[in-house]
Visitor: 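Supplied in structure tokens, the structure appears directly below.
All ligand and atom numbering here is 1-based and tracks the order in the structure.
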Amino acid sequence: MADPTTVRTDARRHHDPQVRGFASDNYAGTHPEILAAIALANGGHQIAYGEDDYTEHLQRVMHSHFGPTAEVFPVFNGTGANVVSLQAMTDRWGAVICAESAHINVDEGGAPERVGGLKLLTVPTPDGKLTPELIDRQAYGWDDEHRAMPQVVSITQNTELGTVYTPDEIRAICDHAHGHGMKVHLDGARIANAAASLDVPMRTFTNTVGVDVLSFGGTKNGAIFGEAVVVLNPDAVRAMKHLRKLSMQLASKMRFVSVQLEALLAGDLWLRNARHANAMAQRLAEGVRAVDGVEILHPVQANAVFARLPHEVSERLQKRFRFYFWDEAAGDVRWMCSFDTTEDDVDAFVLALKEEMAK
Ligand SMILES: Cc1ncc(COP(=O)(O)O)c(C=O)c1O
């Protein structure tokens, strides 16, 4: 009988693997080293729901990045990591302070509210970053039974606008939040890009400066799917284990999530991928700066470039390369680079931009 785990070689390909755009780091495929790691984890039987050898090893790998108290809970996706983390950090009457532009507020379909039962208290920010002063716009009324109680500050590193907090900025947020009895959650869907940008270990801007719980991102950095809640301060959470299952984020064949994160983190793949994506964004920004009539909107500190250009130019350019409007009325667009973006992709895009601007 044929081995049921053997890969079929006659599988048909339905897309052109040479086509890449600037729409999202989620458009990219999977890094070959991660695919190889998945194949290695295949075959035989392993205990389901997280008691497998790969999840156990991932735990040790996480310790090497975040210290011996870190506890990892692999999940399917970033929304799940955020919703599980924030539920575990709040009481039923609690609320989460976040930037108005935070993924949890604008891009999770209301899951924090509807699945997590959480109240979000949002603050407008110029660059996606919270500060102690901005937090204070919502940090009040702990004794007021009429107001959801601010219990957590959630920040995103790097931010949804491609900016990166310094470790000192995060320390100031943590000190401020803790001073008010609140905890700090960090949405690290692109934590590797932030570490590459700052050129520091990930712990330098997480547990070292007081972050309590982290949503660790693997998907945008080369995994097929796979993120994790990393509890950095065990006193900040309750019932993680139960909430992960309750929130439909407990993978039965968890070894295949864990092995992807292990493949990223056991060596330097996470950093290589992130450095490359960031370097491509720098190359793109440099090219774009030389084009009259195109304005770069935020400091380019990770793998995203935000720009403002005439609407009709963007529409024509979108027929040649995929990317999204960020604020269509204002003419703002977002261009994302990923681990597999090439220099040629960037140069071809900049050339196309020049051609469309000149028409
Ligand atoms: C900042 C941020 N957080 C979390 C996520 C995770 O989202 P998903 O549930 O699609 O994995 C994303 C993905 O776009 C993101 O940009």
Side-chain angles (χ1 to χ4, degrees), residues 21-30 34 73-87 96-116 118 120 122 125 127-130 152-165 170 184-197 202 205-206 211 213-230 244 247-251 257 260-261 264 273-274 277-278 281 298 301-306 322-326 333-339:
F22 294 86
S24 168
D25 31 13
N26 283 333
Y27 276 44
T30 304
I34 293 179
F73 296 86
V75 294
F76 289 112
N77 58 31
T79 299
N82 288 338
V83 171
V84 173
S85 302
L86 294 172
Q87 282 182 90
V96 176
I97 299 176
C98 63
E100 200 171 57
S101 54
H103 199 265
I104 53 173
N105 187 43
V106 290
D107 274 319
E108 297 189 353
E113 292 91 339
R114 297 176 71 104
V115 178
L118 294 154
L120 300 181
T122 64
T125 67
D127 55 2
K129 289 187 189 179
L130 286 176
V152 176
V153 173
S154 179
I155 59 174
T156 311
Q157 173 81 317
N158 49 267
T159 71
E160 291 78 0
L161 300 181
T163 51
V164 175
Y165 288 95
I170 296 183
V184 179
H185 165 258
L186 188 145
D187 177 348
R190 297 189 181 86
I191 188 172
N193 300 90
S197 173
M202 291 183 282
F205 57 87
T206 53
V211 171
V213 180
L214 162 68
S215 294
F216 181 90
T219 313
K220 296 174 200 312
N221 196 26
I224 295 183
F225 66 89
E227 319 266 307
V229 175
V230 185
R244 179 173 51 169
S247 307
M248 296 161 280
Q249 287 289 326
L250 183 69
V257 182
Q260 293 182 69
L261 299 175
L264 279 170
N273 283 352
N278 290 1
H298 303 293
Q301 294 175 329
N303 61 329
V305 178
F306 288 80
R322 290 291 297 248
F323 64 88
Y324 290 111
F325 278 103
W326 190 253
V333 298
R334 183 188 77 163
W335 296 321
M336 296 295 301
C337 296
S338 55
F339 74 89

Visitor: Answer yes or no: does an N/O atom from Lys220 fall short of 3.5 Å to an N/O atom of ligand 1?
Guide: yes
Visitor: Would you say the side chain of Arg190 lies within less than 4.5 Å of the side chain of Asn221, judging by non-hydrogen atoms?
Guide: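 A side-chain contact under 4.5 Å is absent here.
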Visitor: Heavy atoms only: which of Met336, Glu227, Arg190 is nearest to atom 16 (O) of ligand 1?
Guide: Arg190
Visitor: Which atoms of ligand 1 are found less than 4.0 Å from any heavy atom of Glu160?
Guide: 1 (C)
Visitor: Using modelled atom types only, decide if a donor and an acceptor are shared between the side chain of Gln301 and the backbone of Val164 within a distance under 3.5 Å.
Guide: yes
Visitor: So which heavy atom in the protein is nearest atom 15 (C) of ligand 1, and how far is it from that ligand atom?
Guide: His103 CD2, 3.1 Å
Visitor: Work out whether the distance between some heavy atom of Thr156 and some atom of ligand 1 is less than 4.0 Å.
Guide: yes
Visitor: Decide whether Asn193 and Asn158 meet the rule of one side-chain donor and one side-chain acceptor closer than 3.5 Å.
Guide: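 Result is no, nothing qualifies.
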Visitor: Tell me, which protein residue and heavy-atom name are nearest atom 3 (N) of ligand 1, and how many Å apart are they?
Guide: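 Checking every protein heavy atom, the shortest distance to atom 3 (N) of ligand 1 gives Asp187 OD2, 2.7 Å.
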Visitor: For ligand 1, which atoms, with element, lie under 4.0 Å from some heavy atom of Thr79?
Guide: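 The list of qualifying atoms is 6 (C), 7 (O), 8 (P), 9 (O).
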Visitor: Between Phe225 and Phe76, what is the ring plane arrangement, given parallel below 30°, perpendicular above 60°, and tilted in between?
Guide: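 Rings of Phe225 and Phe76: tilted, as their planes differ by 30° to 60°.
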Visitor: Kindly confirm or rule out an N or O of Gly78 lying under 3.5 angstrom from an N or O of ligand 1.
Guide: yes
